[in-house]
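As the structure is a computational prediction, the values presented were derived from the model and not from experiment.
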Amino acid sequence: MTVGQAKAWERRWPELGRQVGDLPEGTLDADRWFGRSAPVLLEIGSGMGETTSLLAQAAPEVNYLAVEVYEPGLAQLMLRAEAMGLTNLRLLRGDAVVLLTDHIAPGSLSGVRLFFPDPWPKKKHHKRRIVQPSFAGLVASRLAPGGTFHLATDWENYAEQMLAVLSGEPLLRNRFDGWAPRPEWRPVTKFESRARTEGRISRDLIFERVND
């Protein structure tokens, strides 16, 4: 971490952050942590936080959770949140699957976002991709009816895999016929800018939780 990031971590982490591995057993009490009752949205893989901070700022009515493994990225996100005066953002460091499995109640999330996850482009590494049938089922089970699972990637093969996996999950329904139109409110990430430069097209998918 840079000096600024380290200072932000020391200053703000006790208030804004939790280690997934240190959470007490059972469901995360988001209302208590945020100090209010509001819809809870989870972003998986917030990176360096530029997009996350803008999305949290644009939705002050939402309790915005970001889970990420990269400590400097979370520190940078805290710096951004501090500069923007955000009060509706909380951070978790660790494995999103563990978080969802052990600490998020079924049917409790208004939305889940997964933007530009690691594509593991080599075919022999595809099994490492986070979007697999078991993961789709886990996310779907944590969404409230009508809640959305929004994904984006600039790797065509991964986009097709995402579409196939999510289409095969009975608790999810595609809001669109195939790819979703790129939402104007989703900021252009550095990954997306790089993809455009390299000639790759980014694709969005928006699925919603159906009633059982």
Any salt bridge linking Arg36 with Glu61? Criterion: basic side-chain nitrogen under 4.0 Å from a carboxylate oxygen. no
Salt bridge or not between Glu160 and Arg203? Use side-chain N to carboxylate O under 4.0 Å. no
Does the distance from a Lys or Arg side-chain N to an Asp or Glu carboxylate O, for Arg12 and Glu82, drop under 4.0 Å? yes
ILVMFWY cluster, Leu100 and Met162 together (side-chain gap under 4.5 Å): yes
Taking side chain as C-beta onward, heavy atoms only, is Thr2 less than 4.5 Å from Gln5? yes
So CD1 of Ile130 and OH of Tyr158: to nearest 0.5 Å the spacing works out to 6.5 Å
For the rings on His150 and Phe207, is their centre-to-centre separation under 6.0 Å? no
Quick one about Glu208 and Thr148 (side-chain donor to acceptor, distance below 3.5 Å, no hydrogens or angles considered), yes or no? no
So, is the end of the Arg90 side chain (NZ or CZ) under 6.0 Å from the ring centre of Tyr64 and within 45° of the ring's axis? no
Residues Glu156, Arg200: salt bridge by 4.0 Å N-O rule: no
Rounded distance (nearest 0.5 Å) linking atom CG of Asp102 with atom CG of Asp95: 9.5 Å
Between Arg186 and Asp204, is the closest basic N to carboxylate O distance under 4.0 Å? yes
Applying side chain to side chain contact (heavy atoms under 4.5 Å, CB included), run through Leu79 and Leu77 and close with a yes or a no. CA-CA 5 Å; Leu79 280 173; Leu77 177 51; over 6 Å; no
